[in-house]
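All remarks here apply to the structure that follows.
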Amino acid sequence: MTESMKERRRMQLVIQVAVLCFGLHYGLALSSIEDTHHVGAIVAATPPPGIPQWTVYDVHGNICMLMAMDATIFGTPDDLPVPNSANSSSSVCSQTAATFTLHWYTQTSPYNDHTINIDFVVTGGRRYEMKNVSGIERGNGGLCWSSSGGLPTASIGHCMKCHDIQIQILTLHQYLFQPFAQQSSSSYGAADECTFGSEASWQGILIFTAIALVVLIAGGGFAIYCIRRRRRRNLYTQVQ
């Protein structure tokens with residue numbers, strides 16, 4: 001076997017090892033994430049005692065959302081706690097999108113007619129996010145408010161859990177949200193606490209780093225091979 005063939009064989013081995021390392025690294029990362037989901041799903045979350053709760057059904061009569069929250073609308077001009085009597089019958093849900101709607105009346109002024117909408121959407125893979133939160137205050141005049149971006153995320157089959165979140169004029173003192181309850185056996189799943197896209201971002205960074213590592217190893221090995229081959233050619237030319 002000539003030196004050129006030996007170098008070519010070494011280069012092939014370097015690339016094979018790099019690809020194998022990438023496969024192992026990526027496989028272990030996904031396995032770790034899946035194991036976390038599997039273990040977490042065993043421990044179902046429970047709503048804090050005494051806070052308002054609602055159950056939402058889809059068009060087939062199946063439970064599709066379980067929602068619990070202690071919340072207050074501030075500065076309208078009164079501070080208005082969201083009551084347990086708020087009507088959730090206008091809520092809608094499917095396998096990939098859900099809107100939790102609450103509507104109630106008060107004897108307050110200037111606004112006595114209140115609506116809150118919380119939108120959820122599946123983002124692909126095994127996660128979903130709180131896409132938008134909005135509200136309308138009606139009465140002597142009107143006030144509309146809305147917020148999107150930077151809102152909580154969770155794994156499919158898990159519920160969202162956090163506390164003291166300010167969204168425009170709405171404060172969520174405590175909440176436990178289980179949209180897409182079709183994926184959690186119509187009950188609360190394990191709680192993803194105060195997650196705002198961190199896991200999804202971490203997976204992306206992990207995969208990008210692994211791919212970059214493979215490219216660097218393969219590219220570096222090929223560059224070394226080319227340099228050594230050129231040096232041998234130069235030496236051969238000088239000897240002749």
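- Linking ILVMFWY residues whenever their side-chain heavy atoms come closer than 4.5 Å, directly or via other members, leaves Tyr188 and Ile118 in distinct clusters.
- Between Thr108 and His114 the shortest side-chain heavy-atom distance falls below 4.5 Å.
- The environment of CG in Asn140 is sparse: at most 12 heavy-atom neighbours from other residues, nucleotides or ligands sit within 6.0 Å.
- You'll find the side chain of Glu129 reaches within 4.5 Å of the side chain of Val121, heavy atoms only.
- Taken from OG1 in Thr76 to CH2 in Trp145, the straight-line distance is 11.0 Å, to the nearest 0.5 Å.
- Residue Val133 is grouped with residue Phe180 when hydrophobic side chains (ILVMFWY) are merged at heavy-atom distances under 4.5 angstrom, including chains of intermediate members.
- The side-chain heavy atoms of Pro77 and Pro110, taken from C-beta on, include a pair separated by under 4.5 Å.
- Qualifying salt bridge (charged side-chain N to carboxylate O under 4.0 Å, His left out) partners for Glu137, counting only residues two or more places apart in sequence or in other chains: none.
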| task | Just do the side chain to side chain contact (heavy atoms under 4.5 Å, CB included) check on Leu143 and Ile169 with the steps written out, would you? | result | CA-CA 11 Å; Leu143 172 67; Ile169 62 174; 4.1 Å; yes
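- In this structure, the salt bridge (charged side-chain N to carboxylate O under 4.0 Å, His left out) partners of Asp113, at least two apart in sequence or on a different chain, are Arg138.
- What you find for Gln178 and Met67 is that their closest heavy atoms are N-SD, 3.9 Å.
- The hydrophobic cluster containing Ile63 also contains Leu176, counting ILVMFWY residues as joined when their side-chain heavy atoms lie under 4.5 angstrom apart, directly or transitively.
- A donor-acceptor pair shorter than 3.5 Å can be found between the side chains of Asn132 and Ser146.
- We find the NE2-CG distance between His103 and Asn117 to be 10.5 Å, quoted to the nearest 0.5 Å.
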When the side chains of residues 49-58 are checked against the rest of the protein, which donor-acceptor pairs come out under 3.5 Å, sequence neighbours left out?
| residue | atom | partner | partner atom | Å |
| --- | --- | --- | --- | --- |
| Trp54 | NE1 | Ala86 | O | 2.9 |
| Asp58 | OD1 | His60 | N | 2.9 |
| Asp58 | OD1 | Gly61 | N | 3.0 |
| Asp58 | OD1 | Asn62 | N | 2.9 |

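- Between Ile165 and Leu151, the closest side-chain pair of non-hydrogen atoms is not below 4.5 Å.
- Considering OG of Ser155 and CE of Met160, their distance stands at 10.0 Å, rounded to 0.5 Å.
- Side-chain atoms of Asn87 come within 3.5 Å of backbone atoms of Ser89 as a donor-acceptor pair (strictly under, hydrogens ignored).
- In terms of heavy atoms, Leu170 sits closest to Ala71 at CD1-CB, 3.9 Å.
- The closest side-chain heavy-atom distance from Ile136 to Tyr111 is not below 4.5 Å.
- Contact detail for His158 and Asp192: the closest heavy-atom pair is ND1-OD1, 2.8 Å.
- Using a 4.5 Å heavy-atom cutoff, the side chains of Met69 and Leu102 are in contact.
- Put simply, the side chain of Ile156 reaches to within 4.5 Å of the side chain of Tyr128, judged on heavy atoms.
- With rounding to the nearest 0.5 Å, the separation of CZ in Phe100 from CD1 in Ile116 is 8.5 Å.
- Linking ILVMFWY residues whenever their side-chain heavy atoms come closer than 4.5 Å, directly or via other members, leaves Met130 and Leu66 in distinct clusters.
- If you chain together ILVMFWY residues whose side-chain heavy atoms come under 4.5 Å of each other, Phe74 ends up in a group of its own.
- Atom SG in Cys159 sits 14.5 Å away from atom CE in Met65 (nearest 0.5 Å).
- Applying the side chain to side chain donor-acceptor pair (under 3.5 Å) rule to Ser184 yields no partners; only residues at least two apart in sequence or on another chain are considered.
- Shortest non-hydrogen contact noted between Pro81 and Trp104 is O-NE1, 4.4 Å.
- Summarising the geometry, atom NZ belonging to Lys161 is positioned 4.5 Å from atom CD belonging to Glu193; distances are rounded to the nearest 0.5 Å.
- Two residues are said to be in side-chain contact when any heavy atoms from C-beta on lie closer than 4.5 Å; Thr153 and Thr123 fail this criterion.
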| task | Tell me, with the steps shown, if Tyr175 and His173 meet ring pair (Phe, Tyr, Trp, His ring centres under 6.0 Å). | result | CA-CA 7 Å; Tyr175 67 83; His173 307 293; over 10 Å; no
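- No donor-acceptor pair under 3.5 Å is formed between the side chain of Ser88 and the backbone N or O of Thr101.
- Not counting sequence neighbours, Gln168 has no partner by the side chain to side chain donor-acceptor pair (under 3.5 Å) test.
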